[in-house]
2 protein chains.
Amino acid sequence: MKPSSAPLPRGDATRAALLAAALQVFGDKGFEAASTRQIAAAARANIAMIAYHFGGKEGLRAACADHVAAVLSGIFGTAAAPRVETASQARAALKALARAGVRGIVADEAARPLARFLLREISDPSPAFARVFETGFAPLHARVCRLWALATGEEPESEATRLSVFALIAQIVYFRIARAPVLLRMGWSEIGPNQAAAIEAIVLANLEAALDAAGRRA
Amino acid sequence: MKPSSAPLPRGDATRAALLAAALQVFGDKGFEAASTRQIAAAARANIAMIAYHFGGKEGLRAACADHVAAVLSGIFGTAAAPRVETASQARAALKALARAGVRGIVADEAARPLARFLLREISDPSPAFARVFETGFAPLHARVCRLWALATGEEPESEATRLSVFALIAQIVYFRIARAPVLLRMGWSEIGPNQAAAIEAIVLANLEAALDAAGRRA
DNA sequence: ATATGATAATCAATCGATTGATTAATTGAC
DNA sequence: GTCAATTAATCAATCGATTGATTATCATAT
């Protein structure tokens, strides 16, 4: 981020506005249901600027995917970096990651548009996002697998380890995706800090239980 | 279901064909992205028949929701019925439900269109589906919560119990929703019987571990 | 400094295509 | 003959994309 003292060159401002608006609208309604007119209106820009800056609606989607990938690798790239060598360190690192995941994906208001867009791309991947999976997601997943292996004594790349990590991720993203039935059944009107804390407690308890059980098996 | 020996009254045949086609197309591409023309073509029916039989595209969606709700309550209504009175019986019932969930939602080819439509309605609920949540989903969730409580000694309607059941559901539906990244990371080309069995093993292991841990707490 | 020309950015207007919906005419069973 | 079911044709509305004209920005020459 450059200090805002240097106002962005005229073009970059609307480009950024379009990207932010697209992330929001794509995430809210899905790619097909989102209209370029609505995005342009939200960005206070002319419709033609989408084609000018991104080549079209599909290009705008690809730019959103790249942006999401950059932000994600920025967050998790550093968060998962610290030296981890013992089983208890690995367990603590996994718990920290799960906590960060619940807060970032389920609770954080600022990250909400990003998370919503990301989860839509997960269930309906665009060609552009397939690349993000390989370059951004797979290495991150592999790193979490190594933590899991270190904490349990299992093999880092065994089928069970990889699927267990997916099951951990599942519990986090579910509360974002299935927000409607969760709110209804829990009698909540929103997922605020208190609700996120309750979810976090369950996810962490499940993580501990799964690590213990896997450790006993290995 | 009336025996097919009595050939359906002329109208009901195209009505059923439209419903099946809509379930498929809505599930594949989402409600907004699905066009009535594509649905009509898949059902070998005229576009106007959608308005004639269902009142419009939205009515077709509502009819799909009702159909899904009917099928679901038919499946789970009987599957969760058997008398359960001891903790070990409850644990066995939960494991059976998890197994049925993985097979029905993740693996079963026949149930795939239904599952895909259902999961789309979960993340983007239509007004018609809100009713399904209350009348169909919430009671089922409550019943699973009673099983959970019986198996662990926790309170059936405690926040922790209800969230734990959601976390169990999460692991099942995730492998349907996030199929693309899972296939990529696992090096699979599809989720067939073998892959479903591997997923099932992880989900069941996590269920056992969570039940044990919860039982120790309560 | 200032004028000039090139480039980048923005705009209103409009394009053909496709959307969901509707109409009027036709079919077919009883 | 009657009426529910079906069809082809058409509706207005909206979609993403593109156009040509206009404005802003900046490097360069003087």
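Chain letters run A, B, ... following the sequence lines, proteins first and then strands; every chain starts at 1.
Under the rule for a ring pair (Phe, Tyr, Trp, His ring centres under 6.0 Å), H67(A) has no partner lying at least two apart in sequence or in another chain. Every ring pair (Phe, Tyr, Trp, His ring centres under 6.0 Å) that F129(B) has, sequence neighbours left out, goes to F133(B). The salt bridge (charged side-chain N to carboxylate O under 4.0 Å, His left out) search around R146(A) returns none, not counting sequence neighbours. Partners of F26(B) by ring pair (Phe, Tyr, Trp, His ring centres under 6.0 Å), not counting sequence neighbours, listed by chain and number: F31(B). Considering only residues two or more places apart in sequence or on other chains, T135(B) meets the side-chain contact (heavy atoms from CB on, under 4.5 Å) condition with R131(B).
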Can you give one letter per nucleotide of nucleotides 11-19 of chain D, going 5' to 3': B for a protein heavy atom under 4.0 Å from the base, S for sugar-phosphate only, - for none? ----BBBBB
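Nearest heavy-atom pair, L118(A) versus V68(A), reported as atom, atom and distance to 0.1 Å: CD1-CG1, 4.1 Å.
Dashed line: the shortest gap from a side-chain N or O of T14(A) to OP1 or OP2 of dA9(C) is not under 4.0 Å. Regarding contacts with the backbone of dA8(C), every side-chain N or O of H53(A) stays at 4.0 angstrom or more from both OP1 and OP2.
As a whole-Å value, the separation of R15(A) CZ from dA8(C) C1' is 14 Å. Counting to the nearest Å, the P atom of dT6(D) and the CZ atom of F54(B) are 11 Å from each other. When the P atom of dT7(C) is taken as reference, atom OH of Y52(A) falls 12 Å away, rounded to whole Å.
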